[in-house]
Protein chains: 2
Amino acid sequence: MIKVILVEDNFFLQKALEEKLSNFSDIVIKDSAQNGEEAIAILEENHVVDLILMDIEMPVMNGIKATEIIKTKYPQIKIVMITVFDNDDNVFNAIKAGADGYLLKETKAEKIYEAIIETLAGGAAMSPSIAMKTLKLLKNPIPFETANETELVELSTREIEVLEHLSKGLKNKDIADNLFLSTSTVKKHIENIYRKLQAHNRIEMLQKAKQNKLI
Amino acid sequence: MIKVILVEDNFFLQKALEEKLSNFSDIVIKDSAQNGEEAIAILEENHVVDLILMDIEMPVMNGIKATEIIKTKYPQIKIVMITVFDNDDNVFNAIKAGADGYLLKETKAEKIYEAIIETLAGGAAMSPSIAMKTLKLLKNPIPFETANETELVELSTREIEVLEHLSKGLKNKDIADNLFLSTSTVKKHIENIYRKLQAHNRIEMLQKAKQNKLI
DNA sequence: AAAGAAATAAGCCGTTTGGCGTATTTTTAC
DNA sequence: GTAAAAATACGCCAAACGGCTTATTTCTTT
């Protein structure tokens, strides 16, 4: 029997999770907490627990802080984050805190179950979009982000695609080939990106793109 | 229809992969290669390809080198590594090379299919043990010191000055003004930098310069 | 159904870049 | 004191880029 604790402040989501896991006979939900502090209190009573499904956004004490504390005191307990938000900071901080997995709330019951099994087997479970973020973080070690509250420039999907190709050093012709566009269109996209970012050449654009967290 | 290319030197494993994927009607195996060089040759003929399943250990050109080259020229093509070895260096180097996923060869057909779908949707696919490795790498950012043992290219003092100006997005004329040079000289310096770094435009140069810890 | 945004594409024109050869002067190293 | 490396500079040419205008098509959103 796999002993699981749920930590989730939203009552309905907590019930939904219970429901999802109820189909799997080898999992027993030992207890539930509404925030990090409660979770820690529960563990202090009795820490015979295999795995914790932990929300991130919670009042009193959030999931990342709780993970940090629990992992320090009970490193053998696996912790899988379950959250709606997958922004870089959350992912990175959760990993830093020692999370063994990171799932999005939309994840299906079957996948959550798999994640639990795989995590207990020593692996890590991640929703694909999270996995992609970890890869990007690994490739580009820029975790030192200062809280920049200036509003960021937005680019369209296509513009970002073009931007990504530009950032590899490709020339317009090659970008056009790759995206099945004419060079005219690529040029137009670049022109629009330049206007939005107030850049006048590729390097300026890449700098501004970084500042705006577009790449 | 999802167009996939297999790159795998072992004939039987290649056939096994084909077999595994044949159950999924929306996947078509467009071509197969026995090593990296062959794969690149195929793409140069026709790069209308969605995803490549790439072995790592291969003669002539291994999968990591091939991934590096393909990702530079065709960044929109997704590449998922499929290998028996999951040692840290392989994982880290594959990520550095730009791989979008990393599966072990024991992975079941259904999982490979899921991985393909998820990768094309912009996510990343990883076997759980690989995911765990990436988490560990992220938590302990050691690899950036150790993984780079290649000797670095050296630039002259003046070349570095020019490089620094280039990195701000300045044009030759402005650099010349700032450094009290003629544009011809600036051009010559840039030409020399290009040769040393094997770059052919400014963005490539900046990438290579970063790799060589020049900026 | 209409309005608005996004994506597509072409043409024009001047500027900039990248690649090549050549050549002189200055600095550094042996 | 000479050889090698670095820095300086010019010219030529084709390719690529950046800026501007115009226009059609395809999505969204209301």
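Note on naming: letters A, B, ... go to the chains in the order of the sequence lines (proteins, then strands), and numbering restarts at 1 for each one.
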Would you please name every residue forming a side chain to side chain contact (heavy atoms under 4.5 Å, CB included) with [X], sequence neighbours left out?
{"X": "B/Lys30", "answer": "B/Lys3, B/Ile5, B/Asn46, B/Val48, B/Val49"}
{"X": "B/Ser167", "answer": "B/Leu206"}
{"X": "A/Asn201", "answer": "A/Ile203, A/Glu204"}
{"X": "B/Ala115", "answer": "B/Leu103, B/Ala125"}

#### Entry: Protein-to-nucleotide contact annotation, 5' to 3' order, nucleotides 3-14 of chain C [B base; S sugar-phosphate only; - none; under 4.0 Å, heavy atom]
---SSBBB-B--
### Task
Take nucleotides 24-30 of chain C nucleotide by nucleotide from the 5' end and write B, S or -, depending on whether a protein heavy atom sits under 4.0 Å from the base, only from the sugar-phosphate, or from neither.
-------
### Span of DNA chain D in contact with chain B (heavy atoms, under 4.0 Å)
D/dA6 to D/dC12
[atom1] of [X] to [atom2] of [Y]: how many Å apart, nearest 0.5 Å?
{"X": "A/Thr83", "Y": "A/Asn90", "atom1": "OG1", "atom2": "CG", "answer": "6.0 Å"}
{"X": "B/Leu43", "Y": "B/Ile52", "atom1": "CG", "atom2": "CD1", "answer": "4.5 Å"}
{"X": "A/Asp174", "Y": "A/Asn172", "atom1": "CG", "atom2": "CG", "answer": "9.0 Å"}
{"X": "A/Leu13", "Y": "A/Lys20", "atom1": "CG", "atom2": "NZ", "answer": "8.5 Å"}

### B/Glu159/B/Lys196 salt bridge by N-O under 4.0 Å criterion
yes
#### Entry: Where at least one partner belongs to residues 106-118 of chain B, residue pairs that pass side-chain hydrogen bond (donor to acceptor under 3.5 Å, both in side chains), sequence neighbours excluded
A/Lys111-B/Glu114, A/Glu114-B/Lys111, B/Asp26-B/Tyr113
### Task
Over all heavy atoms of both residues, which pair between A/Ser32 and A/Glu18 is shortest? Give the atoms and the distance, please.
OG-OE2, 3.6 Å
#### Entry: Side-chain N,O (B/Tyr194) to OP1/OP2 (C/dG18) below 4.0 Å
yes
### Message
Once salt bridge (charged side-chain N to carboxylate O under 4.0 Å, His left out) is applied, what residue pairs with a partner in residues 123-132 of chain A remain, sequence neighbours excluded?
### Response
none
## Note on the structure
residues 33-58 of chain B vs salt bridge (charged side-chain N to carboxylate O under 4.0 Å, His left out), sequence neighbours excluded, gives B/Asp55-B/Lys105
### Summary
One would report the end-axis bend of the helix from C/dA1-D/dT30 to C/dC30-D/dG1, five pairs per end and rounded to 10 degrees, as 70°
### Task
Strictly below 4.0 Å, heavy-atom distances to any atom of DNA chain C: list the hits from residues 170-177 of chain A, or just say none.
none
### Query
Rounded to whole angstrom units, what separation is found between the NE2 atom of B/His165 and the P atom of C/dT16?
17 Å
### Task
Let me know the distance between CD1 of B/Ile203 and C1' of C/dG18, rounded to the nearest Å.
14 Å
### Within 6.0 Å of NZ in A/Lys65, more than 12 heavy atoms from elsewhere
no
### Message
Whether the B/Gln34 and B/Asp9 side chains hold a donor-acceptor pair (N or O, under 3.5 Å, no angle test) is what I'd like checked.
### Response
no
